[in-house]
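Here is the naming used below: chain letters follow the sequence lines, and residue numbers restart at 1 for every chain.
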Protein chains: 2
Amino acid sequence: MRKTQTAATRRPEILENFYQVIIAEGIEGASIGKIAKRMNIHPSLIIHYFKNKKNMTAALADFLIEKYEAPEFLRFDHIEDMEKRFHALMDTIFSFEWSRTIDPGVHFCFYYLSFRNPDIRNRYEHIIRRFRDYLIEEFEGYRQKGIVKMSNTRMAADLIVTLMEGLEFHSHFLSEDQPFEHFADKARELAVKMLTADGITA
Amino acid sequence: MRKTQTAATRRPEILENFYQVIIAEGIEGASIGKIAKRMNIHPSLIIHYFKNKKNMTAALADFLIEKYEAPEFLRFDHIEDMEKRFHALMDTIFSFEWSRTIDPGVHFCFYYLSFRNPDIRNRYEHIIRRFRDYLIEEFEGYRQKGIVKMSNTRMAADLIVTLMEGLEFHSHFLSEDQPFEHFADKARELAVKMLTADGITA
DNA sequence: TGGCATAAATTGAACATTCAGTTAATTTAA
DNA sequence: TTAAATTAACTGAATGTTCAATTTATGCCA
């Protein structure tokens, strides 16, 4: 009855379960034993694949990065009209679906961990920087077409990332009865205005 | 040799040490035993004062709120020139000192905890909402003087809080070699422009 | 002023549980 | 046959919490 799997399938399976346990009980509640019980396997098997918990946590970070950088989002090459493409990008960045690419509880769990764990810190920093650099590149393109007016595209990208992350925080504490989209739309409007208006930066 | 203290001094003393241990080792490393060792007292004494760890964590949240709401910041009543008062407020909100009222690691620790702990969640939500409401009130005053132009002051306050929290995130991951102030200044400039420009919201 | 009662502060030792991790044995698949 | 996958049986340390014992401070009454 017992099915034997290979490392290629077992490792991601363990990570997926690790991820789910963190969602339910936080990193402090995510023990190797609990993950094993959830999967009906022996705890030692997890150690066998990851050697220790720190390794496994770093591996989970990589696992999440793959999820985050999945190709389905942020692909706008097919949109030829640059104006439309710009707005499609902005719509995505401030959309609910995009904000839930990774469970927000886990997202901030790793953010929190990054304060004391250099492995996590580096990985997290890397992914955010990649996203920022992607934005810079896009904005540069829009600027050449006269859609984006802000000259300092790096500053522009920094501001968008800042707004995007702050939005997560805001929706957690200040959204009250209103849905995510209500404030997200306003944030997007502001972002667009900022990028497209003349002389927004001195 | 041993000095006996009273609850009024012992409780905050324990919380301060709890706070420090979290800064150094995170919430998952902050055990009652470690706090006790740090203070050269017996672990039971901590239980005696807080009954259990969950209580103590909630008490720490209150303790930090007191720190955060300390009166020295955000007091601008003495500035009569409303224009100057407005800028003093904005300077404070985007200042390094203000952002370090509470250690950022602990700030996000409690943010992280709020996802699964309703006690923390309520307390945290309360303090952020208080701050937002304070901003609304201030902005309303500036609007009557014609300094702030944005008509939806609540939306304005929401945006400032969002920007402020996102800034923390940004400075953690994207600041690179540049100091906190560099990007904070830009964020503040943007915020001021947003609040004072005509027709920024449709 | 001095002793005594009383409550609070503090320690001590033990607890059941959970934790990550080790080592060796066994089963499965190629 | 050989290596990988999986389990079994442990370990030792750390955890939060308990209950009882002991020390310290304080107010009251003689």
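At least one side-chain nitrogen or oxygen of A:R10 sits closer than 4.0 Å to the OP1 or OP2 atom of D:dT6. A close approach under 4.0 Å does occur between a side-chain nitrogen or oxygen of B:Y49 and OP1 or OP2 of C:dT10. An OP1 or OP2 oxygen of D:dA5 is reached within less than 4.0 angstrom by a side-chain nitrogen or oxygen of A:T6.
Each of D:dT17, C:dA9, C:dT22 was ranked by its minimum atom distance to the side chain of B:H48; first place goes to C:dA9. With distances taken from any side-chain atom of B:N52 to the nucleotides D:dT17, C:dT11, D:dT7, the minimum falls on D:dT17. The A:S31 side chain lies nearest to C:dC19 when the options are C:dA9, C:dC19, D:dC19. Of all nucleotides listed (C:dG21, D:dT7, C:dT10), C:dT10 comes nearest to the side chain of B:Q5. In this structure, the nucleotide among D:dT17, C:dT10, D:dT6 sitting nearest to the side chain of A:L45 is D:dT6. Side-chain proximity of B:H42 to C:dA13, C:dA20, D:dT7: nearest is C:dA13.
Residue A:N55 contributes atom CG, which lies 13 Å from atom C1' of C:dA20 at whole-angstrom precision. Straight-line distance from the CE atom of A:M39 to the C1' atom of D:dT7: 15 Å, rounded to whole Å. Counting to the nearest Å, the P atom of C:dT22 and the CZ atom of A:F50 are 16 Å from each other. Rounded to an integer number of Å, the gap from CD1 of B:I41 to C1' of C:dA9 is 11 Å. One atom, CD of B:E25, and another, P of D:dA14, lie 12 Å apart when rounded to the nearest Å. One can place CD1 of B:I32 at 20 Å from P of C:dC15, the figure rounded to the nearest angstrom. Remark: P of C:dA9 and CZ of B:R11 are 11 Å apart, rounded to the nearest angstrom. One atom, CD1 of A:I35, and another, P of C:dC19, lie 10 Å apart when rounded to the nearest Å.
Backbone-only contact: B:K34 has heavy atoms under 4.0 Å from sugar-phosphate atoms and none from a base. The residue B:I47 sits close to a base: some heavy atom pair falls under 4.0 Å.
Atom CZ of A:R38 sits in a crowded spot, with more than 12 heavy atoms from other residues, nucleotides or ligands closer than 6.0 Å.
Residues B:A7 and B:S44 each lie close to DNA chain C; by heavy-atom proximity, the contact nearer the 5' end of the strand is made by B:A7.
Aromatic ring centres of B:W98 and B:F131 lie closer together than 6.0 Å.
Here the options are A:R75, A:R132, A:R85, the test is salt bridge (charged side-chain N to carboxylate O under 4.0 Å, His left out), and the partner is A:E138; only A:R85 passes.
In this structure, B:R121 fails the cation-pi test against B:F110, since its NZ or CZ atom is not both closer than 6.0 Å to the six-membered ring centre and inside 45 degrees of the ring normal.
Ring geometry for B:Y142 against B:F86 counts as perpendicular: the plane angle is over 60°, on a 0 to 90° scale with 30° as the lower cut.
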